[in-house]
Amino acid sequence: MHRRQPGNPAIAALALLNVVLWLVFVTLPDDVASLYAFQYAAEVCSSTAVILIAMALVLSARLRFLERHFGGLDKMYQTHKHLAVLAFVLLAVHFVTIPDSGLLIVGKPLGMLALVGLVGLALLTVAPRLPLISRLLHLPYHRWRITHKLLGLFFVAGVAHYLHVGALSTGTVPGRYMLLLAVVGIAAYAYKQLLARFLEPYRPHVVEQVKRLNGTTVEVCLRPSDRKVDFKAGQFVFVRFTGDRHLHEAHPFTVSSSPREELVRLTIKASGDWTRYLVRNLKPDTAAAVYGGFGMFDYKAGGRDQLWIAGGIGVTPFLSWIRELDGRPGVNVDFFWAVRGAEDAVFLDEFRAVAEKHDNLHVFVRYGAQDGNLSVDQIDETVGGNLAQKHIYMCGPIRMMEAFAARFRRLGVPAAQIHYEEFNFR
Ligand SMILES: Cc1cc2nc3c(=O)[nH]c(=O)nc-3n(C[C@H](O)[C@H](O)[C@H](O)COP(=O)(O)OP(=O)(O)OC[C@H]3O[C@@H](n4cnc5c(N)ncnc54)[C@H](O)[C@@H]3O)c2cc1C
């Protein structure tokens, strides 16, 4: 059954504790309280922002032991994003409320550097979601990732700013608390940038076959050189092809084969530079390093009646699930797959063959180009209502999943019964 993860509440508690420590340990004498009120508020905001960014750095260090506390690595990246956005709002409040001392001190330029850098990185991150900015500034993912690595350096500048400005909390309990968490964040950043590439465990594999499924999608079959990468059905791995210099960067892909198979199969659609190159050029015998598995997208943790909804290439976790089936699925499943046209529905026969053998698995496909987009109301009508009882598993374009999740909520499905995997970390 679905279990609430303590990760996000724990981070909220760390931030809240900061405010409590301020209220308890940094008290201003009555005669100067109004004079320092703005500085006080500004510093509570900035110290909370420091704690949030420190935690965001910890989450981006890809520490596997944290996954189960957040519901999977993909959810950790989402929390990372939300923490950063919240921190940037707090920093902006800090910037507009902090009184100018008029002194020329080294802390000031450090603070400006941190603020401009962090806000700039936040804008680059949200740019693809802002139509005007994304038109002006098209930053491919791999370039964005290079800029994003500066996050930790701007953070260090922010902490150095704190140490040089004679803050109200200097030497107090909340001051030390914030510095302690900042050091944890900096350590996580240093680990990720300097050590992770040597310490992160990976399994060497070799490309056995590259099967062309249609004009834009291939199935890459990987043979383990020694031990196979360890994954559960529905999990994703990071893979880099060490035998091709254009494919050295690690990218995430859900494993589409069953964990019981000898080979590891990835189904990859060309959606940017790296995947386009791979679809056109990846050859058998290329060496690959596989990291994982990651994620907690697992229908076995859900209830008896389930809806599985895939959009396009988001079908891969469901493929792994049906390929792992040994006998009848233990749950009743209505599987909906939204694709643009018949040429994209490359695994439909396989799904239908499994459904023929199992009377509690039903398969529905929707061809968007011909019949229009799939909607929650059509799903509701097809399955005969009663949605509130169902556990819903979705994987596909984020806009589709967000819209579907909102509609399911309005139709009475509790949030805890809606599970989704996002194919996007930015
Ligand atoms: C958990 C997860 C599972 C996925 N499973 C599949 C799958 O089974 N099949 C499939 O075809 N695609 C899958 N994807 C998407 C796939 O990772 C991207 O399409 C691919 O990385 C695009 O890279 P690109 O350089 O070709 O395109 P770009 O245009 O550069 O990137 C497109 C988007 O892909 C994401 N992305 C790119 N590179 C990385 C990276 N190194 N790390 C993290 N995210 C990145 C970013 O969100 C980016 O905005 C999955 C993504 C995630 C996050």
Side-chain angles (χ1 to χ4, degrees), residues 59-60 62 67 70-78 80-81 124-130 134 137-149 192 196-197 200 210-222 231-241 244 246-257 264-282 289-298 310-321 323 337 339 344 346-347 393-399 401 419-426:
L59 292 183
S60 63
R62 229 196 268 172
E67 268 205 298
F70 287 86
L73 187 68
D74 54 315
K75 304 289 181 298
M76 285 163 70
Y77 280 122
Q78 280 173 32
H80 163 94
K81 201 161 49 186
L124 291 180
T125 302
V126 296
R129 290 174 192 80
L130 307 173
S134 75
L137 180 108
H138 176 67
L139 194 63
Y141 184 83
H142 61 278
R143 297 233 172 84
W144 168 78
R145 249 177 57 147
I146 296 170
T147 63
H148 207 64
K149 284 182 182 162
K192 178 76 186 125
R197 76 191 68 178
E200 260 183 350
V210 183
K211 286 189 212 161
R212 188 157 298 280
L213 302 176
N214 61 27
T216 54
T217 311
V218 291
E219 181 175 77
V220 178
C221 304
L222 298 168
F231 70 94
K232 291 196 195 115
Q235 281 195 307
F236 63 93
V237 293
F238 281 87
V239 63
R240 36 195 215 95
F241 293 91
D244 186 321
H246 297 289
L247 299 174
H248 261 207
E249 189 185 64
H251 282 238
F253 297 98
T254 302
V255 183
S256 54
S257 48
V264 176
R265 290 190 274 166
L266 305 175
T267 307
I268 299 182
K269 185 178 165 100
S271 50
D273 294 346
W274 194 92
T275 40
R276 212 173 297 125
Y277 176 89
L278 179 144
V279 165
R280 286 187 193 145
N281 301 293
L282 185 65
V290 187
Y291 304 76
F294 296 101
M296 294 177 65
F297 195 58
D298 181 9
I313 193 65
V315 73
T316 49
F318 304 103
L319 264 177
S320 183
W321 289 353
R323 286 170 171 170
W337 190 11
V339 287
D344 289 327
V346 279
F347 303 104
Y393 289 85
M394 296 190 279
C395 185
I398 185 65
R399 292 236 168 83
M401 291 194 295
H419 318 267
Y420 60 91
E421 179 93 308
E422 200 180 319
F423 272 10
N424 191 346
F425 285 155
R426 187 171 177 182

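Model, not experiment: these values are computed from the prediction. Hydrogens, waters and symmetry mates play no part in the numbers below; they use all other heavy atoms, side chains included. Counting starts at 1 for both ligands and their atoms, following the listed order.
For atom 21 (O) of ligand 1, the closest non-hydrogen atom of the protein is H251 ND1, 2.6 Å. Of the protein's non-hydrogen atoms, N424 OD1, 2.2 Å is the one closest to atom 47 (O) of ligand 1. Ranking protein heavy atoms by distance to atom 46 (C) of ligand 1, first place goes to Y141 CD1, 3.1 Å. For atom 2 (C) of ligand 1, the closest heavy atom belonging to the protein is F423 CD1, 3.7 Å. Looking at atom 11 (O) of ligand 1, its nearest protein heavy atom turns out to be K269 N, 2.8 Å. For atom 14 (N) of ligand 1, the closest non-hydrogen atom on the protein side is P252 O, 3.5 Å. Nearest non-hydrogen protein atom to atom 26 (O) of ligand 1 is T275 OG1, 2.4 Å. Annotation: atom 27 (O) of ligand 1 to nearest protein heavy atom, G272 CA, 3.1 Å.
Remark: ligand 1 and T254 share an N or O pair separated by less than 3.5 Å (distance only, no angle test). On a distance-only criterion, E421 and ligand 1 share no N/O pair closer than 3.5 Å. Looking at ligand 1, you won't find any N or O of I313 less than 3.5 Å from one of its N or O atoms. Remark: ligand 1 and D74 share no N or O pair separated by less than 3.5 Å (distance only, no angle test).
Close contacts between ligand 1 and W274 involve ligand atoms 24 (P), 25 (O), 26 (O) [criterion: under 4.0 Å to a heavy atom]. Near S271, meaning under 4.0 Å from one of its heavy atoms, ligand 1 places the atoms 19 (O), 22 (C), 29 (O). Taking a cut-off of under 4.0 Å to the non-hydrogen atoms of I268, the atoms of ligand 1 that pass are 11 (O).
Of all heavy-atom pairs between H148 and H80, the closest is NE2-NE2, 3.4 Å. Closest approach of V210 and L282 over heavy atoms only: CG2-O, 3.5 Å.
Distance screen at 4.0 Å: atom 43 (C) of ligand 1 has a protein heavy-atom neighbour inside the cut-off. Counting protein heavy atoms under 4.0 angstrom from atom 50 (C) of ligand 1 gives one or more. Proximity of atom 34 (O) of ligand 1 to the protein is not indicated, since no non-hydrogen protein atom lies closer than 4.0 angstrom.
In the displayed structure, K81 atom NZ is contacted under 6.0 Å by more than 12 heavy atoms of other residues, nucleotides or ligands.
Judged purely by atom type and a 3.5 angstrom limit, S320 uses its side chain to pair as donor or acceptor with the backbone of S257. The backbone N or O of F318 lies less than 3.5 Å from no partner atom in the side chain of R323, so there is not a single donor-acceptor pair.
Taking 4.0 Å as the cut-off, T267 counts as a neighbour of ligand 1 on heavy-atom distance.
Using a 4.5 Å cut-off on side-chain heavy atoms (C-beta onward), L266 and F236 make no contact.
Cation-pi check for R265 over F253 is not met; the charged atom does not lie both under 6.0 angstrom from the ring centroid and within 45 degrees of its normal.
The side-chain contact (heavy atoms from CB on, under 4.5 Å) test with D344 singles out one residue from N214, I313, T217, and that residue is N214.
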Full working for ring-ring contact (aromatic ring centres under 6.0 Å, His included) between Y277 and W274: CA-CA 5 Å; Y277 176 89; W274 194 92; 8.7 Å; no

Y393 vs F297, ring-ring contact (aromatic ring centres under 6.0 Å, His included): CA-CA, chis, key distance, verdict: CA-CA 8 Å; Y393 289 85; F297 195 58; 5.7 Å; yes

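The side chain of R145, and not its backbone, has at least one atom closer than 4.0 Å to an atom of ligand 1 (non-hydrogen atoms only; side chain from C-beta on). Here F236 has side-chain heavy atoms under 4.0 Å from ligand 1, and that is the only part of it that gets that close. Only backbone heavy atoms of A250 (N, CA, C or O) come within less than 4.0 Å of ligand 1; its side chain stays farther off. Only the side chain of T316 comes within contact range of ligand 1, with a heavy atom under 4.0 Å; no backbone atom does.
Donor-acceptor pairing under 3.5 Å is recorded for the side chains of H251 and E249. One side chain, R240 or Y291, offers a donor N or O that lies under 3.5 Å from an acceptor on the other. For the residue pair S256 / T267, a side-chain donor-acceptor distance below 3.5 Å is found, with atom types taken as modelled.
If you take CD on E422 and SG on C395, they are separated by 9.5 Å, rounding to the nearest 0.5 Å.
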